[in-house]
Amino acid sequence: MNTAAIAKHRPAALQRSDLHASLADPALEAVNFLNEVIDRFPKAISFAPGAPNPQFFDSLDVGEYIDRYAAHLAQEHGLTLAQVRRRLYQYGASRGQICDLVANALRIDEGIAVSPRAVVITVGAQEAMLLVLRALRAGPNDVLAAVTPCFVGIVGSARLLDMRIVAIDEGAAGIDLDQMRAACQTARAEGRRIRAVYVAPDFANPSGALMDLASRQALLELAETEDFLVLEDSTYGFTAVRGEALPALKKLDHCHRVIYLGTFSKVCLPGTRVGFVVADQPVVGAANDRLLADDLAALKTMVTVNTSPICQAVIGGILLAHGGSLADMMAEKASVYRQNLQYLLKALERHVERRDGVSWNAPSGGFFVRMRLPVVVDDALVEVSAREFGVLWTPMVHFYLGGVFSHELRLSCSYLTPAQIEEGAQRLGAFVEYVRRMQLLRAARS
Ligand SMILES: Cc1ncc(COP(=O)(O)O)c(C=O)c1O
């Protein structure tokens, strides 16, 4: 081929600077980097991803659940076989078709009373976040507050939508309310408005923090006085000891201040990608009596059209097979996750020395432990840990909004066996010892 022909067929290379700024966001890069490290060091024990434990999938028969849901449509809703097939195989309503089952489960399991009309079934909680932020960001002065460190998915969604974010410290009570109040006032003085604050009050990802009851109540009061919404992410709430869970913010909410984000990924299976959002806020100034859920469903028609009906049928079938409530299933899984957490905490005590700036928290639920080291913890250090010590984890820096250094890492133990946790903690102990020696050496030299 002559050079003119080669030039003619040159691929259309794109400049990163010509693409959306979120693509260069450290959060997106971090996920790629971690996946790449996991691939490169397959023998390393990974405390990195917060995936559900695969032992729960062994006896799972999704076909059985789809049949259960199909039978429900026929028996309870009087659908013919052809109509049932259409429900499962065709495009469907953008708000989803298991809203009634989800609203019922919320009432039984969480004491949250909402109409099915306020529920939208989404492609994971992740899509719910994107839809909610899309709806709330009416203009460039609309800001999201997020209790940090926080789940990268909410920050990523805001970045995709060019929504400004302000960080609020977690503090000892799950949210620093004085800082939140000050952030509202500062935003107002600058001509901006904080539309909502993202919180994960029950065993947050990544910190494991639990918001106490008084702070839950005070947050709702502040939301009233400063006029913002609360985005409540309930992902890890189910891991609480049965009967000891604190009430969801949505349960305490009498003024439609809380938008509740839910997922079936951890309690059922992430492969269905089914989550939901409860948005019972009335939208005034619109035609008819509309709820925010109606608008989110409208937005969804332009994002994913509808959540896969087959996947909804799996979740619907699971709910029906358990009498409409997931409480027993949640309790069974929660006890395994809490056991893993206890294994990890005990193994850390055995294998890692808690001194010279090395410490960690001890959450009573959730998937995560937060460990502090006497050095800056970044991607380069993960690489050392994987290559030299055969153990992986997540640097906490990725859960902040950027421009910070962090001395912390996140350990997740949800999908490991007790033997892997033991071995992993041993390797972590050797890695921490190495870090401590390096630090002492550096201190001696300076
Ligand atoms: C705090 C938190 N929220 C939401 C999600 C996303 O859930 P989904 O799988 O439903 O998109 C996760 C997933 O790990 C999470 O940790």
Side-chain angles (χ1 to χ4, degrees), residues 27 30-31 34-35 46-54 56-57 96 98 102 105-106 119-133 144 146-158 160 170 174-175 196-211 230-240 248-250 258-278 296 300 303-304 307-308 311-312 314-315 318 326 330 333-334 337 341 363 365-370 394 396 398-400 410-415:
V31 173
L34 267 181
N35 289 336
S46 179
F47 288 110
N53 197 305
F56 297 121
F57 305 149
I98 57 168
V102 170
L106 280 173
V119 177
V120 180
I121 308 298
T122 53
V123 179
Q126 186 61 55
E127 189 196 20
M129 292 178 196
L130 190 80
L131 296 177
V132 169
L133 296 189
L144 173 73
V147 172
T148 56
C150 70
F151 176 55
V152 288
I154 189 74
V155 176
S157 295
L160 256 60
E170 199 167 69
I175 180 169
V197 62
Y198 167 86
V199 292
D202 299 289
F203 313 117
N205 176 7
S207 67
L210 185 65
M211 189 184 293
V230 178
L231 308 188
E232 177 177 27
D233 183 332
S234 65
T235 300
Y236 300 98
F238 76 98
T239 60
L249 286 158
K250 188 69 198 158
V258 178
I259 297 175
Y260 185 87
L261 306 164
T263 178
F264 293 100
S265 286
K266 313 291 172 175
V267 177
C268 298
L269 65 163
T272 58
R273 303 302 301 122
V274 176
F276 64 93
V277 52
V278 176
L296 298 180
K300 185 174 163 66
V303 182
T304 51
T307 302
S308 156
C311 292
Q312 291 187 68
V314 173
I315 299 299
I318 294 176
L326 295 183
M330 291 198 268
K333 295 190 173 181
Y337 290 126
L341 206 52
F367 285 11
F368 310 107
V369 170
R370 179 181 190 171
T394 311
M396 286 283 279
H398 299 311
F399 302 104
Y400 289 91
R410 186 193 77 175
L411 300 171
S412 168
C413 57
S414 54
Y415 81 106

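Since the structure is predicted, the reported quantities are computational estimates derived from the model, not experimental observations. Both ligands and their constituent atoms are indexed starting at 1 by order of listing.
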task = Indicate yes or no: does an N/O atom of Val123 lie under 3.5 Å from an N/O atom of ligand 1?
result = no
ask   = Just distances here: any N/O of Thr235 and N/O of ligand 1 closer than 3.5 Å?
value = yes
inquiry  = So, taking the atom named CZ in Phe151 and the one named OG in Ser157, what distance separates them when rounded to the nearest 0.5 Å?
reply    = 8.0 Å
Rounded distance [0.5 Å steps], CD1 in Ile121 versus OG in Ser308 = 12.0 Å
Chi angles and distances behind the ring pair (Phe, Tyr, Trp, His ring centres under 6.0 Å) call for Phe276, Phe264 = CA-CA 8 Å; Phe276 64 93; Phe264 293 100; 5.6 Å; yes
query = When you measure from the centre of the six-membered ring of Phe238, is the NZ or CZ of Lys333 under 6.0 Å away and within 45° of the axis?
reply = no
Glu127/Thr304 under side chain to side chain donor-acceptor pair (under 3.5 Å): CA gap, chis, key distance, verdict = CA-CA 9 Å; Glu127 189 196 20; Thr304 51; 2.5 Å; yes
query = Which protein heavy atom lies closest to atom 10 (O) of ligand 1, and at what distance to 0.1 Å?
reply = Thr263 OG1, 2.5 Å
request  = Note the single closest protein heavy atom to atom 6 (C) of ligand 1, along with its residue, its atom name and the distance in Å.
outcome  = Phe151 CZ, 3.8 Å
inquiry  = Residue-level breakdown please: for Ser265 versus ligand 1, do any non-hydrogen atoms fall below 4.0 Å on the side chain, on the backbone, on both, or on neither?
reply    = side chain
Under 4.0 Å from any heavy atom of [X], which atoms of ligand 1 are there?
{"X": "Gln126", "result": "11 (O)"}
{"X": "Lys266", "result": "13 (C), 14 (O)"}
{"X": "Met129", "result": "3 (N), 4 (C)"}
{"X": "Gly124", "result": "8 (P), 10 (O), 11 (O)"}
{"X": "Asn205", "result": "1 (C), 15 (C), 16 (O)"}

key: Centroid-centroid distance, Tyr236 to Phe368, less than 6.0 Å   = yes
Below 4.0 Å from any atom of ligand 1, is there a heavy atom belonging to [X]?
{"X": "Tyr236", "value": "yes"}
{"X": "Arg273", "value": "yes"}
{"X": "Gly275", "value": "no"}

inquiry  = Test side chain to side chain donor-acceptor pair (under 3.5 Å) on Tyr198 and Asp233; report intermediate values, then the result.
reply    = CA-CA 7 Å; Tyr198 167 86; Asp233 183 332; 2.7 Å; yes
query = So, Thr239 versus Lys266: side-chain donor-acceptor pair below 3.5 Å or not?
reply = no
